[in-house]
Q: 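What follows is a single structure, and I will ask about it in a moment.
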Amino acid sequence: MTRLKEPPLTAIQFYATAPYPCSSQVATPSHLIHADVYNELLNAGFRRRGLYTYRPYCDHCKVCIATRILVDQFHPTRSQRRAWKKHSGLEAFVLNLGYQEEHHQLYQRYQTQRHAGGDMDNDDQDQYMQFLLRSRVNSRIVEFRDGAHDPHPGRLRMVSMIDILEQGISSVYTFYDSLDSTASFGNYSILWQIEQARALKLSYFYLGYYIKESEKMSYKVNFQPMEGLLDDHWQPLTGS
């Protein structure tokens, strides 16, 4: 069940945005949404974007499905094993939240190359920081670089923003060098985060919303076993 517990959620208020084609339910006030509260909200289908905590809330549409992977039961497919092997030379560095110009430049290139015409392809420094560097939970930056060449670090290839919570790791956002058409950076990042959750003895890896009809969102169901939040219950989700 995903019924919100009491307390500490008794102080949280919820309101719906205007009935646009895609509406949201928003949890406020943001300063009360610390790690314990957010963990409960995450299990109720909410996600965060900076300090903004929301979930899809459309009267006649249920296409956005919150997802989580069962870490201990996960076994990679053959193609996922190939992605893991292909990028095994990448070095991962876990950092505290903080602005780095190199990260922002990679983010801007990624948005231009992958999401031109979207609402984030012109994000300036302040918008980037509001989106990814503001948090009241245990958040980290993970940067992935080519093998280091002392004394210089290797080339930055990918950055993942993650939340580490009581029950699992939640993927906030990942961006990478998308000019390399032969790479599988996105898949590798997911596999790396699943392994980190396993190493931390956490039960779940939260992968955001699955939308079957969206090419950019439907890939998530390839990571099995996966659960989806359907009718306020977490239940197996295969995409079929």
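Here the structure is a predicted model, which is why all the values come from computation and not from measurement.
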Q: Could you check whether Gln113 and Ser178, counting side-chain N and O atoms only, form a donor-acceptor pair closer than 3.5 Å?
A: yes

Q: Are the aromatic rings of Phe131 and Tyr173 close, with centres under 6.0 Å apart?
A: yes

Q: Atom CG of Leu95 and atom CZ of Phe93: how far apart are they, to the nearest 0.5 Å?
A: 8.5 Å

Q: Could you list the residues that satisfy side-chain hydrogen bond (donor to acceptor under 3.5 Å, both in side chains) with Thr67, not counting sequence neighbours?
A: none

Q: Determine the minimum heavy-atom distance between Ala92 and Val142, stating which atoms define it.
A: CB-CG1, 4.2 Å

Q: As a test of understanding, state which of Phe144, Tyr176, Phe185 forms a ring pair (Phe, Tyr, Trp, His ring centres under 6.0 Å) with His87.
A: Phe185

Q: Flag the pair Tyr206 / Leu42 as yes when at least one side-chain heavy-atom distance between them is below 4.5 Å, and no otherwise.
A: yes

Q: List in chain and number order the residues that pass side-chain hydrogen bond (donor to acceptor under 3.5 Å, both in side chains) with Gln125, two or more places apart in sequence or in another chain; answer none if no residue qualifies.
A: none

Q: Can you tell me which residue pairs pass the salt bridge (charged side-chain N to carboxylate O under 4.0 Å, His left out) test with a partner in residues 181-191, sequence neighbours excluded?
A: none

Q: According to salt bridge (charged side-chain N to carboxylate O under 4.0 Å, His left out), does anything in residues 183-202 pair up with another residue at least two apart or in another chain? List the pairs.
A: Glu195-Arg198

Q: Can Phe223 be reached from Val221 by stepping across I, L, V, M, F, W or Y side chains whose heavy atoms are under 4.5 Å apart?
A: yes

Q: For the atom pair CG (Asn138) and CD (Glu166), what is the distance rounded to the nearest 0.5 Å?
A: 12.5 Å

Q: Can you list the residues that meet the side chain to side chain contact (heavy atoms under 4.5 Å, CB included) rule with Asn96, with sequence neighbours excluded?
A: Arg140

Q: Is the closest side-chain donor-acceptor distance between Glu101 and Tyr99 under 3.5 Å?
A: yes

Q: Scan for salt bridge (charged side-chain N to carboxylate O under 4.0 Å, His left out) pairs involving residues 66-78, sequence neighbours excluded, and state none if there are none.
A: Arg68-Glu227

Q: Are Pro236 and Met226 close enough that some pair of their side-chain heavy atoms sits under 4.5 Å apart?
A: no

Q: For Tyr57, check side chain to side chain contact (heavy atoms under 4.5 Å, CB included) against everything at least two apart and list the hits.
A: Ala16, Gln25

Q: For Arg136, give me all partners under side chain to side chain contact (heavy atoms under 4.5 Å, CB included), at least two apart in sequence or on another chain.
A: Ser30, His31, Leu51

Q: The criterion is side-chain hydrogen bond (donor to acceptor under 3.5 Å, both in side chains); which residues satisfy it with Thr53, sequence neighbours excluded?
A: none

Q: Are Tyr107 and Tyr128 close enough that their ring centers fall under 6.0 Å?
A: yes

Q: For Tyr209, check ring-ring contact (aromatic ring centres under 6.0 Å, His included) against everything at least two apart and list the hits.
A: none

Q: In this structure, would Val137 and Val26 fall into the same cluster of hydrophobic residues linked by side-chain contacts under 4.5 Å?
A: no

Q: Honestly curious: do Leu90 and Ile162 fall in one hydrophobic cluster under the side-chain, below-4.5 Å linking rule?
A: yes

Q: For Asp177, give me all partners under salt bridge (charged side-chain N to carboxylate O under 4.0 Å, His left out), at least two apart in sequence or on another chain.
A: Arg155, Arg157

Q: Is a side-chain N or O of Ser139 found less than 3.5 angstrom from the main chain of Ser135, in a donor-acceptor match?
A: no

Q: Going by an N to O cut-off under 4.0 Å, is there a salt bridge joining Lys62 and Asp231?
A: no

Q: Would you kindly say whether Asn187 and Gln80 are connected by a side-chain donor-acceptor distance under 3.5 Å?
A: no

Q: For Gln235, which residues count as a side chain to side chain contact (heavy atoms under 4.5 Å, CB included) partner, sequence neighbours excluded?
A: Leu230, His233

Q: Using only atom types and a distance under 3.5 Å, with no angle test, would you say the side chain of Glu143 pairs donor to acceptor with the backbone of Ser160?
A: no

Q: If we only count heavy atoms from C-beta on, is the Leu200 to Ile164 side-chain gap below 4.5 Å?
A: yes

Q: Could you tell me if the side chain of Asn43 sits less than 4.5 Å from the side chain of Trp234, heavy atoms only?
A: yes

Q: If you take the centroid of each ring, where Trp contributes its six-membered ring, are Phe46 and Phe14 closer together than 6.0 Å?
A: yes

Q: Between the side chains of Ser170 and Arg47, is a donor N or O closer than 3.5 angstrom to an acceptor N or O?
A: yes

Q: Would you mind reporting whether Gln193 and Thr174 have side-chain heavy atoms less than 4.5 Å apart?
A: yes

Q: Hey, any chance Leu229 and Val63 share a hydrophobic cluster, counting ILVMFWY side chains that come within less than 4.5 Å of each other, even indirectly?
A: no

